[in-house]
There are 2 protein chains.
Amino acid sequence: MATIRDVAKLADVSVSTVSLALSNPARVSQKTLEKIRQAIAAVGFVADPLAQSLARGRSRMIGFVVGNVGNPFFGDIRRELENYALDHQHFVVVTDSSGKTDRERALVEHLIGLKTAGLALAPSGYDQDYLDFIAGLNVPVVCFDQKVVGIERDFVGSDNYLAGAMLTEHLLQLGHRRIAVITGPSHMHTATERYRGFADTMANAGVEVSPNFVVDGQFTRTAGYEAAMRLLIQPERPTAILGANNTVALSALQAMQELGFRCPEDISLAMIDNVQWSSVITPRITMVVQDTHALGGIIARRLMHRITNPQGAVEPPQDFVLTPKFVPGNSCRRI
Amino acid sequence: MATIRDVAKLADVSVSTVSLALSNPARVSQKTLEKIRQAIAAVGFVADPLAQSLARGRSRMIGFVVGNVGNPFFGDIRRELENYALDHQHFVVVTDSSGKTDRERALVEHLIGLKTAGLALAPSGYDQDYLDFIAGLNVPVVCFDQKVVGIERDFVGSDNYLAGAMLTEHLLQLGHRRIAVITGPSHMHTATERYRGFADTMANAGVEVSPNFVVDGQFTRTAGYEAAMRLLIQPERPTAILGANNTVALSALQAMQELGFRCPEDISLAMIDNVQWSSVITPRITMVVQDTHALGGIIARRLMHRITNPQGAVEPPQDFVLTPKFVPGNSCRRI
DNA sequence: TGATTAAATCGAACCGGTTCGATTAAGCTA
DNA sequence: TAGCTTAATCGAACCGGTTCGATTTAATCA
C-alpha cells in the first residue's frame, strides 16, 4: 500500500505539502498540485483512514445505536442516515444494544474509542447515571425515538401523545367505550405519552377507564402477550384494545387468535407503529405510523450539521417533533 | 485521556515495558507488573484502539456485510456473531449493502481500510470481477447464505435443494399436482437450488410442471407480487404455490388476498425462510426455516478460528451446510 | 568469583497520517 | 534595487500505540 511519503518522494515535494494539497488544495500552487495529482495516481495512493483518525483525533464514522436493528422503524431511519452520510463521505457503524442499557453503554464507549464523528442514539436509559454518561459524551449526539428528560441533546421524534389520542378518538367515534390499552415501560417517554394521549381523550369524552383495562406490556412480546391475556380472560372484556406499540399489539392479536376471539368481530384492535408485512396480516391493523423517512432525514441532517460545524457546539439543543399519520385498516369495527 | 506514556512515567518504567506488560505479562517481572497495574488504575488508562490498530496493522473489529440487516435471518446471525465476538474481545461492525454489489464493495473496502480482523460476508455478486475482488481480500473471510461458485472461501449455509424438495414433497403428499413456484434471481445459488429441489421432486413423482407455473419473483416484493399475479390470473390456476423465499411468498399471499382467493381453501401456500410475526399471519404459512442460531454460531467460530490462526491461511476453505427444518402451518390443505 | 546464559528492561524506529511555526520564493511598492 | 508582504513549501513534532535489537540485570555454572 502506497503511503503519503511515496507520493511526496515521487512528486518531489515534502510530505506536508502533499497532506496540504489533499486537505486544502487552494493553498498549493497549480503546478505542484498537478505533480502531486500525477504522483497519487501513479502510486495508487489512498489515505489510510486509521492514520488520519489518529492524527486528527476524529474519524469519518458515525455511530448508530438502537435497541433493535430488526425493527423496521429503526431500519428505515438507518437507511436514511446511511444514504445521507455516504453523500457526505461518512460511514455508518450500526450497533444493536438489544435494549439493554449496559450494553448500549459499552457500545457507545467503543464507538467513542473509535473516535466517531458523531452518534445517532435511541436512548435506552433514564436514570441519573445514564444522564451523566450521555452528558459526558464529547461528540455530536442526536437522540431520537425516546425523549429522555434531562438529556440536553438534539432530539428527533414523533408526537406520541397525538398518536395515542388519534387512535383513541377513532375507537370512540366507532362507538367503543370499553377500550383497553396495553402500555409500555413507565420510564419510556413514548409509552407515557401515548398513554396520556389515550387517557386524556377518554377523559375528555367523559368515558371512565376501568383500572383493569390498563395493563403493562413492557413493549415486549412476552409481557405484551400476558397483558393481553389478562385483558381477555376478564368476565367484562373490552370491546377494543389499543396496543401502545407494534409488539404488544401483535402479541394481543396472537392472544386473541389463540383464545378464539375474532378481530374485529369480537374485539377491535389498533396499534402504534408499523411492522413489516402488516399488509398481509389479517385483519389489517388500524394504526398510527411515524414518518420514518422524514425522521431519518432530520436526524441525518442535524447530526451532519453538528459534525461539520463543531463551533456550533454552543448552538442549543433542539427538539424536532413530527406528526404521525393515521392509517386505517379493518381491525376496528363500529359498534 | 491518559496515554501509555503517562502510565510509564508514573510506574517509572519505559513505555515499551508497559506495552509488553499489557500484551505479554509473562515476560515482565512480578513487581514491575504490579507497579504498572497500579499506575494504570491510577491514571485510568485505556489503550486507544485506533493507535493499536495503526501500529499493529490489524484491528479488533469484525466486519459484517449483508444485504438487509432488517431481515430476521441476518439479524439472528448477527446476534450470534456479536455475542461470540464479544466473548473474544472483538467488536462487530455491521453494514448494510441493500443488496447492491457496488455498495457492498465500497463497504468492504472501507472495512478493509479499517484493518478489520475478518469479514462475515453474505455475497451479493457473482461475476468474474466480483470473484476477483473477493479473492483479492487479504483478510479472513467467511461467506454465508449465498454459495457463489468461484469464491474460494469458507462457506456456511443451508441445504437449499432439500428445502425446496421438502415443501414440494409435502404438497405432493397432500395431493397437489398443479404446483407453481415463484423463484429468485438465477444467479443466486439459493434460488437455483431451491428450484432444483422443487423440479427434481416433481419429476421424481412423475408430475409435469407447466412452464406457466414457474415464475421469477427476484426475491423482491414488487417482482414477487407481479409474479404471483401472473400465476393467479391464468385460467388454469395452480392449487398450490411455493414461494422460494419469504418475500415472494408473502407477496403472493397479498396478491391472493387482493384477488379474493382464500388460503388454503382456494390455493395453498408454502414458503422458505421465516419472517417476523409469522405467527400472527393468517393463515400460518407452512414453511422450511434455516437454523439461524446454528449458522451464526458456525460463522462466528470459523471466522474467529481464521483470525486467531493466521498461519492456518493454508487451511483449505470448507463448506458447512446445515439441514433446514420443516415447520407445518395451516396454509396447505389436502385435496 | 569470573564467565556464561537467560530474563528483564529500555531506546528508538515505526505505523501513516496532520499540524503549525519556520523558511524560502515570489510579487509588489517606493 | 533594496525593503516589505504575501504565497508556497518545508521540517519536525505529534497522535498513541507496537516491535525488535540492544543493553542492563539477575540467575546459573564451572
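Here is the naming used below: chain letters follow the sequence lines, and residue numbers restart at 1 for every chain.
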Under 4.0 Å protein heavy-atom contact, by nucleotide of nucleotides 7-17 of chain D - B base, S sugar-phosphate only: -SBBB---BBB
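- For Asp319(B), the salt bridge (charged side-chain N to carboxylate O under 4.0 Å, His left out) partners are Lys147(B), not counting sequence neighbours.
- For Arg60(B), the salt bridge (charged side-chain N to carboxylate O under 4.0 Å, His left out) criterion is met by no residue, not counting sequence neighbours.
- Screening residues 134-146 of chain A for salt bridge (Lys or Arg N to Asp or Glu O under 4.0 Å) gives no qualifying pairs among residues at least two apart or on separate chains.
- Between the C1' atom of dT19(D) and the CG atom of Leu22(B) lies a distance of 14 Å, rounded to the nearest Å.
- A search for salt bridge (charged side-chain N to carboxylate O under 4.0 Å, His left out) contacts involving Asp96(B) returns Arg78(A), not counting sequence neighbours.
- For Asp76(A), the salt bridge (charged side-chain N to carboxylate O under 4.0 Å, His left out) test picks out Arg79(A), with sequence neighbours left out.
- Remark: Asp129(A) pairs with Arg105(A) by the side-chain hydrogen bond (donor to acceptor under 3.5 Å, both in side chains) rule, at least two apart or across chains.
- Phe320(A) pairs by the ring pair (Phe, Tyr, Trp, His ring centres under 6.0 Å) definition with nothing, not counting sequence neighbours.
- With axes fitted over five pairs at each extremity, the angle between the ends of the helix from dT1(C)-dA30(D) to dA30(C)-dT1(D) is 50° (10° resolution).
- The number of heavy atoms from other shown groups lying within 6.0 Å of OH (Tyr84(A)) is above 12.
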